[in-house]
> 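The structure's right below; bear with me while I get my questions together.
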Amino acid sequence: SLIAKHSQGGLRDAESLLDQVSLLPPPITKLNIINLIGAVPEEELIILAQSLLEKDPNSILNICNNLINKGKEPIAILQGIASILRDLVVTKVTNDSTFLCNISKENSENLKDLANSTNLDHILSLQAKLKGSENHIRNSNQPNLWLEIHLLGMLADEDSKENNQRKISFVKPKTT
């Protein structure tokens, strides 16, 4: 199922990955395939999503650092968290999200628990803040830095942004 998800319906991509998997020494594990395709383990993405929902910048930075040190690409981390947030929304709004979510059956309960611990508006707010970040990270000379900036930027409250904008708009230049 990991290969099918990663191939996104591309038969040749799936065949190519299966050929690569066949060259791995037995036993072939889920972790082997995750490492082969460069994906980020769902368990770590769920913890990252929880850190975003709990507004824990220290945890976010530590998770990003650990994933990058393990060789995960910033774009894969971003795509993974976007997928987890999408699955959180689906889990939150449907009675049975089994066939609608991308998450594995092994991690669906953890995702369900996380969905039950927050509200839909908070998840949707985080998703909205991801808009445009993928292109920005792809085109950056410092993708690690921009991944952290985007994820930490997701912690900002809309109310505080509005208040800051109001403060800025009321600042009058000094006259001499």
Side-chain angles (χ1 to χ4, degrees), residues 2-10 13 16-17 20 30-92 101-104 107 110-111 113-115 117-169 171:
L2 282 170
I3 292 172
K5 286 177 192 174
H6 186 73
S7 301
Q8 297 177 344
D13 291 343
S16 174
L17 284 172
Q20 292 175 41
K30 180 179 171 182
L31 188 59
N32 294 130
I33 295 172
I34 286 172
N35 289 331
L36 177 72
I37 61 178
V40 180
E42 291 174 339
E43 298 82 5
E44 295 187 56
L45 290 170
I46 290 171
I47 295 168
L48 181 57
Q50 182 175 3
S51 298
L52 285 165
L53 290 166
E54 292 175 356
K55 297 185 178 192
D56 184 353
N58 189 43
S59 177
I60 292 167
L61 290 173
N62 284 326
I63 292 168
C64 285
N65 187 45
N66 288 337
L67 290 171
I68 289 168
N69 287 341
K70 289 178 185 175
K72 302 304 177 191
E73 292 293 324
I75 200 69
I77 298 168
L78 187 72
Q79 289 169 338
I81 197 64
S83 179
I84 290 294
L85 290 174
R86 182 235 176 237
D87 286 353
L88 277 170
V89 170
V90 171
T91 302
K92 196 79 175 155
C101 287
N102 293 322
I103 198 148
S104 66
N107 290 309
N110 290 336
L111 188 78
D113 291 342
L114 185 57
S117 72
T118 190
N119 65 49
L120 181 60
D121 289 338
H122 193 181
I123 303 167
L124 291 172
S125 172
L126 289 175
Q127 277 187 316
K129 292 174 184 177
L130 275 176
K131 186 177 181 180
S133 57
E134 187 171 339
N135 285 335
H136 198 232
I137 289 173
R138 269 192 209 282
N139 298 322
S140 171
N141 290 331
Q142 296 179 315
N144 299 358
L145 170 70
W146 286 105
L147 172 68
E148 291 173 349
I149 289 171
H150 280 291
L151 292 177
L152 292 175
M154 292 169 67
L155 302 182
D157 290 331
E158 293 302 317
D159 293 340
S160 65
K161 283 183 183 178
E162 288 175 17
N163 289 337
N164 287 338
Q165 287 176 347
R166 283 188 204 132
K167 288 176 187 174
I168 292 169
S169 64
V171 175

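Predicted model only: the values in this text are computed from it and were never measured. Because only heavy atoms are used, hydrogens play no part in the values below, and waters and symmetry mates are left out as well, while side chains stay in.
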> Under the side-chain hydrogen bond (donor to acceptor under 3.5 Å, both in side chains) test, which residues partner E134, sequence neighbours left out?
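Only Q79, R138 meet the side-chain hydrogen bond (donor to acceptor under 3.5 Å, both in side chains) criterion with E134.
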> Just how far is it from atom CD1 of I60 to atom OG of S51, taken to the nearest 0.5 Å?
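Answer for the CD1-OG pair, I60 versus S51, is 5.5 Å.
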> Tell me, do P143 and I75 make a side-chain contact under 4.5 Å, heavy atoms counted?
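P143 vs I75: side chains apart.
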> Over all heavy atoms of both residues, which pair between L45 and G80 is shortest? Give the atoms and the distance, please.
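Reported closest heavy-atom pair: CD1-CA, 3.6 Å.
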> Roughly how far, to the nearest 0.5 Å, is CG of D113 from OG1 of T91?
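Those atoms lie 10.5 Å apart.
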> Going by distance alone, is a donor N or O of one side chain under 3.5 Å from an acceptor N or O of the other, for N107 and E43?
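There is such a pair (donor and acceptor under 3.5 Å, judged by atom type) between the side chains of N107 and E43.
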> Test side chain to side chain contact (heavy atoms under 4.5 Å, CB included) on V40 and L48; report intermediate values, then the result.
CA-CA 11 Å; V40 180; L48 181 57; over 6 Å; no
> Q127 and V89: which non-hydrogen atoms are nearest, and at how many Å?
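Minimum heavy-atom separation between Q127 and V89: OE1-CG2, 3.4 Å.
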> Do you know which two heavy atoms are closest between L155 and L52, and how far apart they sit?
CD2-O, 3.6 Å
> Is K92 reaching over with its side chain to a backbone N or O of A115, donor-acceptor style, under 3.5 angstrom?
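Yes, K92 side chain to A115 backbone: donor-acceptor pair under 3.5 Å.
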> To the closest 0.5 Å, what do you measure between CG (N102) and CG (D87)?
5.0 Å
> Testing L147, I63, I137 one by one against I77 for a side chain to side chain contact (heavy atoms under 4.5 Å, CB included), which residue passes?
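Exactly one option meets the side chain to side chain contact (heavy atoms under 4.5 Å, CB included) with I77, and it is L147.
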> Drop me the distance from K70's NZ to N65's CG, to the nearest 0.5 angstrom.
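One finds 11.0 Å between NZ of K70 and CG of N65.
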> Side-chain contact test, heavy atoms from C-beta onward, threshold under 4.5 Å: evaluate it for H122 versus L53 and give yes or no.
yes
> Hey, are the side chains of L61 and L152 touching, using non-hydrogen atoms and a 4.5 Å cut-off?
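Side-chain contact under 4.5 Å: yes.
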> Drop me the distance from H150's NE2 to K129's NZ, to the nearest 0.5 angstrom.
13.5 Å
> Which value, rounded to the nearest 0.5 Å, describes the distance between T118 atom OG1 and L126 atom CG?
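Atom-to-atom, T118:OG1 and L126:CG are 8.0 Å apart.
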> Could you tell me whether the side chain of R86 reaches within less than 4.5 Å of the side chain of S83, counting heavy atoms only?
no
> Between L85 and M154, does the side chain to side chain contact (heavy atoms under 4.5 Å, CB included) criterion hold? Intermediate values first, please.
CA-CA 12 Å; L85 290 174; M154 292 169 67; 4.1 Å; yes
